[in-house]
Amino acid sequence: MIRSGEIAQGRLRHALSFDVEEHFQVAAFWSAARRREWDQLGSRVEGNTRKITDLLSEHSTKATFFVLGWVAERHPDLVKDLAQQGHEIASHGYGHELVHTQTPSQFREDVRRSKQILEDLIGRSVVGYRAPSFSITSRTKWAIFVLIEEGYRYDSSIYNRFQTTERSSVTRAGTYQLETEAGTIWEVSPSTMNTCGLQLPVAGGGYFRLFPYAASKMFLKNLEQQGAQLVIYLHPWELDPDQPRMDGPMLSKVRHYLNLGKTEQRLRWLLKDFSFAPINEVIRPIRDIIEGQGECAHAVE
Ligand SMILES: [Zn+2]
């Protein structure tokens, strides 16, 4: 059944999200040595994120921002402004470390710290989480238990569904409920397209920069015509062609710097060609949680 929140002006509404992090924090360039330099490297995240919110406001569109705790501590006004503008604030963890490089207790500390920082800034519950580089896999299923125990209600970190996981109903967005001994959580995975038996990632990031916009649009329209709600993601640094270049593996450099100068225009086209809203507004089970339990209205104690 299609619900009214999923349709706006006759168009199916999709979920748009951004992972708010500095250009030097991406996993491809991550090293303990570089991490120690983070505070000395020039910050560009606030300007890049505000470039996105200006674009969104031109198209009267709201989105979900998965904000890194480390960034929120250094740019509190940015987080407050995003919330005041009506965007959803969700968590990207604190230190942008891949899940499988952490112990369960380190991961718990990371997701707890970031949730607390964000909630203190916006005065509302933060219910969504996305791991750096979608790094919750079948090897790190324990992370789902931790997220549930730490009060998260949805996760957006799993690109390829766990083959062995029991799933209850799957929504138009491909959202499904993960049932565990610790409780349940909704999984909101980025969109993929089934081509010749392969799940082709078409939902954003490097893939959005790699394919010509006409190809991305064709893939996404195809999914839309099948009745699917899209879950799209991008990063603020992807709209910053002038960011300083970092040393790293050649493949990482090619991937990271590919077509940065084209993303802003492609995002404009995307906003014109599709209708978007935040995850907590447009993905049905998440909206039901928010509406049913008044999560957004509750001030954090
Ligand atoms: Zn990230």
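Just so you know, ligand 1 is whichever comes first in the structure, and atom 1 is the first atom listed for that ligand. Just so it is clear, the values below take in all heavy atoms, side chains as well, and ignore hydrogens, waters and symmetry mates. Since this is a predicted model, take the numbers as computed values, not measurements.
Not a single N, O or S atom of D19, from either the backbone or the side chain, sits less than 2.8 Å from the Zn ion (ligand 1). Under 2.8 Å from the Zn ion (ligand 1) lies no N/O/S atom of H235, from backbone or side chain alike.
The name of the N, O or S atom in E21 nearest to the Zn ion (ligand 1) is OE1.
Classification of K221 and D273 as a salt-bridged pair fails, no side-chain N sitting under 4.0 Å from a carboxylate O.
At least one cation-pi condition fails for R266 and W269: the charged atom is not both under 6.0 angstrom from the six-membered ring centre and inside a 45 degree cone around its axis.
The Zn ion (ligand 1) lies at the vertex of an angle of 100° between the NE2 atom of H96 and the NE2 atom of H92 (rounded to 10°).
T64 is not listed as a side-chain neighbour of E281, based on a closest heavy-atom distance of 4.5 Å or more.
Aromatic rings of H235 and F18 (six-membered ring for Trp) have centroids beyond the 6.0 Å cut-off, not under it.
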